[in-house]
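So the structure is just underneath, and the comments pick up after that.
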Amino acid sequence: MLILYTAKNGIYTDLKDSYTNEKELINKNIYVNITNRCPCACTFCLRNTKELDESNNLWLDTEPTVQEITAEFEKYDLNKFNEIIFCGFGEPLVRLEDLLEVAKYLKNRNSNIKIRVNTNGLADLVHGKETAPLLKGLIDTVSISLNASNAEEYLNLTRSKFGIESYDAMLKFAVACKDYVPNVVLTVVDCIGKEEIDTCQAICDRIGVTLRVRPFE
Ligand code: SF4
């Protein structure tokens, strides 16, 4: 079960293997893999390629418990790490309470450790409540997949089980996070075209968050 890992050029390495090379590890981003579950079925997501599901080492046969995750962290000196990122194979905020418990444990061990959540931004719909306030003091950066400049295209891409209301819920979550999380970033991939990226930039400017255009992997 691969819970903590490093990533380079699309290759995932178990943290315990990276950790043997101390020099390599300095300033590394450490990723936390806690679930395969997700309310979306994005057309570009590796989770939806069945062969990859079974062979990819990020696939979890069972979800690690909070105790199992913190036991993994106990093996390491957190000062060596640049940022801890809840990312995983699925949507980490599906396990909101567990994620917050792990974040509390990490902040208790080192209050300066930076914690980021990479998310689809649909936690409010998943949990049926406003979730952004719960991130206060625990999460330093929320990186939300904007994916597209409008609700229809977003739904075409994400195939969210919550349907057309997903896009507005994601944007509402992003705006709410601004009150509780120091850095709120929306992301798109670079292959969507300049016009679409410009429109996404305008959306980010309007709601007052940063847009990050990331390479499509
Ligand atoms: S939101 Fe992320 S994890 Fe979920 S289907 Fe889309 S790409 Fe995959």
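Just so it is clear, the structure is predicted and the values come from calculations on it, not from any experiment. Counting starts at 1 for both ligands and their atoms, in listed order.
- There is no side-chain donor-acceptor pair under 3.5 Å between T35 and E91.
- Between the side chain of R95 and the backbone N or O of I34 there is at least one donor-acceptor pair closer than 3.5 Å.
- Donor-acceptor pairing under 3.5 Å is lacking for the side chains of S145 and N120.
- Protein atoms of type N/O/S that fall under 2.8 Å from atom 8 (Fe) of ligand 1 number 1 in this view.
- Remark: atom 5 (S) of ligand 1 lies closer than 4.0 Å to at least one protein heavy atom.
- Residues in residues 130-159 take part in these salt bridge (charged side-chain N to carboxylate O under 4.0 Å, His left out) pairs, two or more places apart or across chains: K107-D140.
- In the hydrophobic clustering (ILVMFWY side chains linked at under 4.5 Å, chained through shared members), V185 stands by itself.
- Each salt bridge (charged side-chain N to carboxylate O under 4.0 Å, His left out) pair with one or both residues in residues 160-169, not counting sequence neighbours, would appear here, but there are none.
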